[in-house]
**Q** 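Handing you a structure now.
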Amino acid sequence: MSDNFFSIIENTHHSRPDRVVIESDDGRQYRAHDLLTRSGRYAMLLAKLGVKRGDRVVVQAEKSVQSLFFYLACLRAGVVYVPLNTAYRRAELTYFLSNARPSLVICPKQSETDFGSLTSATILTLDENGGGSLEDAVEQVANEAATAAVAPNDVAVIIYTSGTTGRSKGAMITHQNLSSNARVLVSYWRFSEKDVLLHALPIFHIHGLFVANHTALVSGAKILWHRKFDPKRLIADLPRATVLMGVPTFYLRLLAEPAFDRDFVRNMRLLISGSAPLLLDTFAEVEARTGHRILERYGMSEAGMITSNPLDGVRVGGTVGFPLPGNAVRIVDDQDRPVPDGEVGGIQISGDNVFAGYWQMPEKTKEEFTVDGWFKTGDVGSFDEEGYLSIVGRAKDLIISGGYNVYPKEIELVLDALPGVLESAVIGIPHPDFGEAVTAVLVPQPGAQLLEQEIVAQLKTQLANYKVPKRVHIVEVLPRNAMGKVQKNVLRQEFS
């Protein structure tokens, strides 16, 4: 069997060419034959354009079925797919293009001039409706390219990290990484051709591009394809779906819809949340409204999915479950020594899902792996006595105040439970005496009035004094990235 990840998808679909695999939100249906034929023609176009195995292809395009088929074509051709967040602008693009050095760029028509001034690569356009010069070019291609032979450790995708603590790093994801993770998820979450996945995630990120697409395509499940997240349109499709993958914001918006109840989700077997922490209140309210306990899991660009709450068994809110089969997770101290269950430490991982390193950054790659080969995730967490993993936060978010280690998540859980608090973020701000001062940023519930002195007084009854915020700021909304993660670096800049 070929080591090209696309071969797994190909084997799933070649014997049933008439099966509908994707239905888009504009009512168009795409069959297995369309997926295989179109990806083959795109792959042939790549060859005609002189894009060779191992070359990089940068894609910054709106979500469309055509953009998915083009991604599959890159896998099929053995070229390296490089997705970029559609929110990136010129200054950011300058870095990505100089770092990736692509042979081909796919972008919206309105960005063509900008890209042309930044790269000598061939540029083709693709819009959100699937039109553009890429489609014009592929219409001139009559034949399909065969699936290229690749080695398991050949790079399939370069995913750039968010770069909140410096320059973004290009994580090199191999065909083996994609294959191992997809197979594990299909098995662990028991995906089958009977499933219908509701897909409203962006596809420049691993959640939408890998986790959602791969589990459906490898298992033969049908995809209900939504180009953007619209809670009313999502609600309308829920009765036809069996699985929803979303970020916490999805569930908050769905809870605001009266129709989101047990009857509307009667066909659903699984609600999954990831990419950002899920509030315990949201977890509890979804269960009360629908009868479903959301399955929360943990992953990252460098490793795909790492842990998951169980499909069968107790799903514990506020945790991300157990290491997935084939994945190993350990919690360590500053000297990389394992710590006992219940103690907080750095999260390190190993397994076939772990990436090959950072593109053109050998020293950074070496720095992020231990001597015995474990990857330092940069996350901080702990295992409880039953083996559930809880994420306390990012190592870079650790606050050292007066010599004490303060983990923001612990304080945020207390803050989120206070009356009138919708959500919170805790950060460290430079302080002349303490080194860093614990600082809380709160969003009130609609109609609630929060007062700094009252919040501090309540916290003093529940937390050690060194953990109590020196300041509490009230804001209307927390800054978030495209996947719903709170941007604490933005808060630190704002309140320093």
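Keep in mind that what you see is a predicted model, and the values were worked out from it rather than measured. Hydrogens, waters and symmetry mates are skipped; everything else that's a heavy atom, side chains included, is used.
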**Q** For the residue pair Lys364 and Tyr358, would you count it as a cation-pi contact if the rule is NZ or CZ under 6.0 angstrom from the ring centre and within 45 degrees of the ring axis?
**A** no
**Q** Just by modelled atom types, is the Asn177 backbone N or O under 3.5 Å from a matching donor or acceptor in the Ser180 side chain?
**A** yes
**Q** If you look at every heavy atom in Asp3 and Val150, which pair is closest and at what distance?
**A** CB-O, 3.4 Å
**Q** CZ of Arg471 to CD1 of Ile429: how many Å apart, nearest 0.5 Å?
**A** 10.5 Å
**Q** For the pair His431 (side chain) and Phe434 (backbone), establish whether a donor and an acceptor sit closer than 3.5 Å, ignoring hydrogens and angles.
**A** yes
**Q** So if I apply the side-chain contact (heavy atoms from CB on, under 4.5 Å) rule between Leu217 and each of Leu35, Ile8, Val186, Thr12, which one comes out positive?
**A** Leu35
**Q** Tell me if a side-chain donor or acceptor on Asp154 pairs with a main-chain N or O of Ala151 at a distance below 3.5 Å.
**A** yes
**Q** Between Ile306 and Asn353, is there a side-chain heavy-atom distance shorter than 4.5 Å?
**A** yes
**Q** Do you see a donor-acceptor pair shorter than 3.5 Å between the side chains of Ser308 and Trp189?
**A** yes
**Q** State whether a side-chain donor-acceptor pair under 3.5 Å links Ser2 with Asn4.
**A** no
**Q** Is the CD atom of Glu476 crowded by more than 12 outside heavy atoms at less than 6.0 Å?
**A** no
**Q** Say whether, by atom type as modelled, one donor and one acceptor occur between the side chain of Arg41 and the main chain of Val138 under 3.5 angstrom.
**A** yes
**Q** Taking the side chain as every heavy atom from C-beta outward, state whether Lys485 and Arg480 have any pair of such atoms under 4.5 Å apart.
**A** no
**Q** Looking at Lys470, I'd like to know if its NZ atom is crowded, meaning that more than 12 non-hydrogen atoms belonging to other residues, nucleotides or ligands lie closer than 6.0 Å.
**A** yes
**Q** Given side chains that start at C-beta, do those of Tyr407 and Val426 come closer than 4.5 Å, heavy atoms only?
**A** no
**Q** Just wondering, do Pro108 and Asp127 contact through their side chains at under 4.5 Å, heavy atoms?
**A** no
**Q** Side chains of Arg90 and Leu118, heavy atoms from C-beta outward: is any pair under 4.5 Å?
**A** yes
**Q** Can you confirm whether more than 12 heavy atoms, excluding those of His33, are under 6.0 Å from its NE2 atom?
**A** no
**Q** State whether the side chain of Arg89 and the backbone N or O of Ala87 hold a donor-acceptor pair below 3.5 Å, judged by distance alone.
**A** yes
**Q** Within a 6.0 Å radius of atom CD on Gln110, are there more than 12 heavy atoms belonging to other residues, nucleotides or ligands?
**A** yes
**Q** Return yes if some donor-acceptor pair links the side-chain N/O of Glu423 with the main-chain N/O of Val443 below 3.5 Å, else return no.
**A** no
**Q** Go through the steps to decide whether Arg233 and Glu257 satisfy the test salt bridge (charged side-chain N to carboxylate O under 4.0 Å, His left out), and finish with yes or no.
**A** CA-CA 11 Å; Arg233 298 191 75 168; Glu257 299 292 327; over 6 Å; no
**Q** Please check if the distance between the ring centroids of Phe5 and His214 is under 6.0 Å.
**A** yes
**Q** Take a 6.0 Å sphere around CG of Asp334 and say whether it holds more than 12 heavy atoms from other residues, nucleotides or ligands.
**A** no
**Q** Do Leu178 and Leu75 touch side chain to side chain, with heavy atoms closer than 4.5 Å?
**A** yes
**Q** Is there a donor-acceptor pair under 3.5 Å between the side chain of Thr282 and the backbone N or O of Leu278?
**A** no
**Q** Please find the pair of heavy atoms, one from Phe229 and one from Leu234, that lie closest to each other, and give the distance.
**A** CE1-CD2, 3.3 Å
**Q** Out of curiosity, Tyr298 OH to Ser275 OG, how far, rounded to the nearest 0.5 Å?
**A** 12.5 Å
**Q** Between Leu271 and Tyr251, is any pair of side-chain heavy atoms under 4.5 Å apart?
**A** yes
**Q** With Gln348 as reference, evaluate Asp336, Thr377, Asp379 under the side-chain hydrogen bond (donor to acceptor under 3.5 Å, both in side chains) test and give the passing residue.
**A** Asp336
**Q** With a sphere of 6.0 Å drawn around CZ of Arg253, does it hold more than 12 non-hydrogen atoms of other residues, nucleotides or ligands?
**A** no
**Q** Pick one: which of Glu62, Gln66, Arg227 meets side-chain hydrogen bond (donor to acceptor under 3.5 Å, both in side chains) with Asn129?
**A** Arg227
**Q** Mind checking whether Phe355 and Phe375 have ring centres under 6.0 Å apart?
**A** yes
**Q** For Gln60 and Asn85, indicate whether the former's side chain and the latter's backbone hold a donor-acceptor pair under 3.5 Å.
**A** yes
**Q** Using a distance-only test with no angle check, is there a side-chain donor-acceptor pair under 3.5 angstrom linking Thr125 and Ser133?
**A** yes
**Q** Go through the steps for Glu23 and Lys222 under the test salt bridge (charged side-chain N to carboxylate O under 4.0 Å, His left out), then give the verdict.
**A** CA-CA 8 Å; Glu23 183 178 326; Lys222 180 180 177 180; 3.1 Å; yes
**Q** Nearest 0.5 angstrom please: Phe70 CZ to Leu124 CG, how far?
**A** 7.5 Å
**Q** Only counting residues at least two apart or in another chain, list the ones meeting side-chain contact (heavy atoms from CB on, under 4.5 Å) with Ala73.
**A** Ser39, Tyr42, Ala43
**Q** Start with the C-alpha gap between Glu302 and Thr161, add the side-chain angles, then the distance that decides, and say whether side chain to side chain contact (heavy atoms under 4.5 Å, CB included) holds.
**A** CA-CA 9 Å; Glu302 290 90 342; Thr161 61; 3.4 Å; yes
**Q** Evaluate the salt bridge (charged side-chain N to carboxylate O under 4.0 Å, His left out) criterion for residues Arg28 and Asp26: first the C-alpha distance (whole Å), next the side-chain angles of each, then the deciding distance (0.1 Å), finally the verdict.
**A** CA-CA 6 Å; Arg28 284 187 282 185; Asp26 59 6; 3.0 Å; yes
**Q** Check step by step if side chain to side chain contact (heavy atoms under 4.5 Å, CB included) holds for Asn213 and Trp225.
**A** CA-CA 10 Å; Asn213 286 326; Trp225 185 266; 3.5 Å; yes
